[in-house]
Amino acid sequence: MTKIRDFIRKRRVSKYVNKNGWCFNYHNIDFQLPSNTEIDVANALIKGKYEKEEVQMISSHVPPDKSVIELGGSFGIVSGLISKNLNKGVEHIIVEANPLLSEVCLTNALAGSSNTKITIVQKAICYSEEIIEFKIANNPHSSSLFELPDKQVNKIVKIPSITLNEIYQSLENQKDYTLICDIEGGEEDMALYDIGTIAKAKTIIMELHPNLLQNGQSQIPILMKDKGFIIKEQIGNVFSWARY
């Protein structure tokens, strides 16, 4: 069944690209992807399912007038959808560790809106080292600081690290900022070492990755509850928290 599914996806993407190139209209925004983008990503865009949980929560829960820190910009598609929903002049800082994606991330973030203050930070969230090894997977969307047992690692690069608090301190408007996070397991250390900065957000949308943890269970929901947050919405491992 997997081989049949993969064949159908490849054929669908091939037909689409032959007609449209690597430009994908998703939620009424035209996004451009590199020609070496994995089939799964292109297929999800064509089917309207790319990061659908995060996308749904962004449209429902992200306030348009609050600064946004987005961790894990990837191809910038979610970034573009975020910027589309923000008011003119609102600051939007995007952290993307993969040096192969920073340019396309900025291009697609700006496709959502050129009226927001978009900044790309090409560093990785890390609390143990100033320079760290970042594993670039065959599918850049799944690249990570951590071991990728189910992914083919094509390249390992050394990049500078940064903490959430350092990013937060650079915000022009720190009050009740919004945190959006998908960093392939890095959220666990961030919650352990920087929970105070996380708790300064009023709205949080975060994807957890318990499959990358030794015990298979994230402690973040407990930490968030202890800090006075409530779950506004949960779809699988994607959570939307709010503080009152």
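In what follows, residues are counted from 1 in the order of the sequence shown.
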Ignoring hydrogens and angles, tell me if any N or O in the side chain of [X] forms a donor-acceptor pair with the backbone of [Y] under 3.5 Å.
| X | Y | value |
| --- | --- | --- |
| E133 | K158 | no |
| S161 | E130 | yes |
| S74 | G76 | no |
| T107 | E103 | yes |
| S83 | A109 | yes |
| K84 | H27 | yes |
| D194 | M190 | no |
| N108 | F75 | yes |
| S67 | N173 | yes |
| Q234 | G236 | yes |

Quick check: do [X] and [Y] have side-chain heavy atoms less than 4.5 Å from each other?
| X | Y | value |
| --- | --- | --- |
| I220 | E188 | yes |
| W241 | K232 | no |
| E91 | V68 | no |
| F7 | T2 | no |
| N43 | K47 | yes |
| I125 | I167 | yes |
| S240 | I204 | no |
| E70 | E96 | no |

(request) Show your working on side-chain contact (heavy atoms from CB on, under 4.5 Å) between R5 and R9 and close with a plain yes or no. (result) CA-CA 6 Å; R5 181 201 65 189; R9 287 179 175 178; 3.6 Å; yes

Closest non-hydrogen atom pair, [X] against [Y]:
| X | Y | result |
| --- | --- | --- |
| I198 | A191 | CD1-CA, 3.7 Å |
| A42 | W22 | CB-CZ3, 4.0 Å |
| I77 | F31 | O-CZ, 3.5 Å |
| T197 | Y177 | O-OH, 2.8 Å |
| C23 | Y16 | O-OH, 2.7 Å |
| P221 | F239 | CG-CZ, 4.2 Å |

From [X] [atom1] over to [Y] [atom2], what is the distance, rounded to the nearest 0.5 angstrom?
| X | Y | atom1 | atom2 | answer |
| --- | --- | --- | --- | --- |
| E207 | I235 | CD | CD1 | 11.0 Å |
| I46 | N20 | CD1 | CG | 8.0 Å |
| I162 | L71 | CD1 | CG | 9.5 Å |
| K202 | L179 | NZ | CG | 15.5 Å |
| Y127 | D189 | OH | CG | 8.5 Å |
| S218 | N237 | OG | CG | 8.5 Å |

(request) Classify the angle between the aromatic ring planes of Y26 and Y50 as parallel (below 30°), tilted (30 to 60°) or perpendicular (above 60°). (result) perpendicular

Single-linkage hydrophobic cluster, 4.5 Å side-chain cutoff, [X] and [Y] together:
| X | Y | answer |
| --- | --- | --- |
| M224 | L192 | yes |
| V157 | I132 | yes |
| I222 | V238 | no |

(request) Please write out which residues are connected to I118 in a hydrophobic cluster, directly or through intermediates, given that two of Ile, Leu, Val, Met, Phe, Trp, Tyr count as joined at side-chain heavy-atom separations below 4.5 angstrom. (result) I94, L106, L110, I120

(message) What I want to check is whether the side chains of N25 and D30 have a donor and an acceptor closer together than 3.5 Å.
(response) yes

(message) Check E172 with K117, please: is the shortest side-chain N to carboxylate O separation under 4.0 Å?
(response) yes

(request) Inspect the contact between D176 and R243 and indicate whether a charged nitrogen and a carboxylate oxygen are less than 4.0 angstrom apart. (result) yes

(request) Apply the test side-chain hydrogen bond (donor to acceptor under 3.5 Å, both in side chains) to residues E233 and S60: give CA-CA distance (whole Å), side-chain angles for both, the deciding distance (0.1 Å), then the verdict. (result) CA-CA 10 Å; E233 188 173 7; S60 300; 4.7 Å; no

(message) Go through it in stages, so that I can follow the logic: the residues are E54 and D182, the test is side-chain contact (heavy atoms from CB on, under 4.5 Å), and I'd like the CA-CA distance, side-chain angles, deciding distance and then a yes or no.
(response) CA-CA 9 Å; E54 287 184 53; D182 184 0; 3.0 Å; yes

(request) Could you go through the side-chain contact (heavy atoms from CB on, under 4.5 Å) check for I69 and T178 one step at a time? (result) CA-CA 6 Å; I69 295 176; T178 298; over 6 Å; no

(request) May I have the step-by-step check of side-chain contact (heavy atoms from CB on, under 4.5 Å) for K88 and T116, ending in yes or no? (result) CA-CA 5 Å; K88 182 177 180 180; T116 52; over 6 Å; no

